[in-house]
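Okay, structure first, notes after.
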Amino acid sequence: TTGYLGVLGDLNHSNPFVRRTLLSWVREMVQNYSLDALRLDTAVYLERDFLPEVQEAAGVQVLGEATVNNLTFQASLMHSEAQSGLLGLLNFP
């Protein structure tokens, strides 16, 4: 299987079972290890409607990583008054 990252397979975030399992994993990681933040690499490859769900499930700041040249696209992944999204996002131009 090949995905966005070469030989690493992709998870189907539109599958309800996969989505529930990942959100449960995020909640459990934060609770079990008393995490105060999470880093989400390759945030641009998650489905847009899934990012706010990850942020909500975490209950702590999620700092996403996106390597993009289009700052408007990057801003579309972030939380604002007009939209739900990640509370923080790094870019490595």
Side-chain angles (χ1 to χ4, degrees):
T1 302
T2 59
Y4 287 116
L5 297 174
V7 298
L8 299 177
D10 292 330
L11 296 175
N12 181 358
H13 302 113
S14 64
N15 179 298
F17 173 77
V18 171
R19 194 173 280 230
R20 280 191 314 272
T21 302
L22 289 172
L23 294 174
S24 176
W25 181 83
V26 166
R27 280 189 291 274
E28 289 175 16
M29 286 292 291
V30 171
Q31 292 171 357
N32 292 342
Y33 299 102
S34 302
L35 302 178
D36 57 6
L38 291 172
R39 177 181 167 143
L40 178 62
D41 285 354
T42 63
V44 297
Y45 297 113
L46 270 69
E47 294 186 23
R48 292 270 181 93
D49 65 331
F50 189 49
L51 290 173
E53 291 182 41
V54 171
Q55 179 62 71
E56 184 178 336
V60 296
Q61 183 166 347
V62 176
L63 182 62
E65 174 267 328
T67 305
V68 297
N69 294 322
N70 183 332
L71 296 181
T72 302
F73 175 76
Q74 180 180 349
S76 73
L77 303 173
M78 297 181 68
H79 182 79
S80 69
E81 290 182 18
Q83 70 183 19
S84 295
L86 299 178
L87 294 177
L89 195 63
L90 296 173
N91 185 9
F92 300 100

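As a basis for the values below, the full set of heavy atoms in this structure was taken, side chains included, without hydrogen atoms, waters or symmetry mates.
- With sequence neighbours left out, the side-chain hydrogen bond (donor to acceptor under 3.5 Å, both in side chains) criterion links R27 to no other residue.
- Applying the salt bridge (Lys or Arg N to Asp or Glu O under 4.0 Å) test to residues at least two apart or on different chains, none of the pairs has a partner in residues 70-80.
- Applying the side chain to side chain contact (heavy atoms under 4.5 Å, CB included) rule to S14 yields the partners N12, E47; only residues at least two apart in sequence or on another chain are considered.
- Residues satisfying the side-chain hydrogen bond (donor to acceptor under 3.5 Å, both in side chains) criterion with E28, sequence neighbours excluded, are S24.
- At least one side-chain heavy atom of L46 sits under 4.5 Å from a side-chain heavy atom of L40.
- When side chains are defined from C-beta on, L23 counts as touching V54, because their heavy atoms get closer than 4.5 Å.
- Looking at every heavy atom in both residues, A43 comes nearest to L51 through O-CD2, 4.1 Å.
- Not counting sequence neighbours, the partners of L11 by the side chain to side chain contact (heavy atoms under 4.5 Å, CB included) test are H13, V18, L22.
- Between the side chain of Q55 and the backbone N or O of V60, at least one donor-acceptor pair lies under 3.5 Å.
- A pairwise comparison of heavy atoms in R19 and D49 identifies NH2-OD1, 3.5 Å as the closest pair.
- Among residue pairs with one or both ends in residues 16-38, none qualify as ring-ring contact (aromatic ring centres under 6.0 Å, His included); sequence neighbours excluded.
- Between A66 and V44, the shortest heavy-atom distance links the atoms CB-CG1, 3.3 Å.
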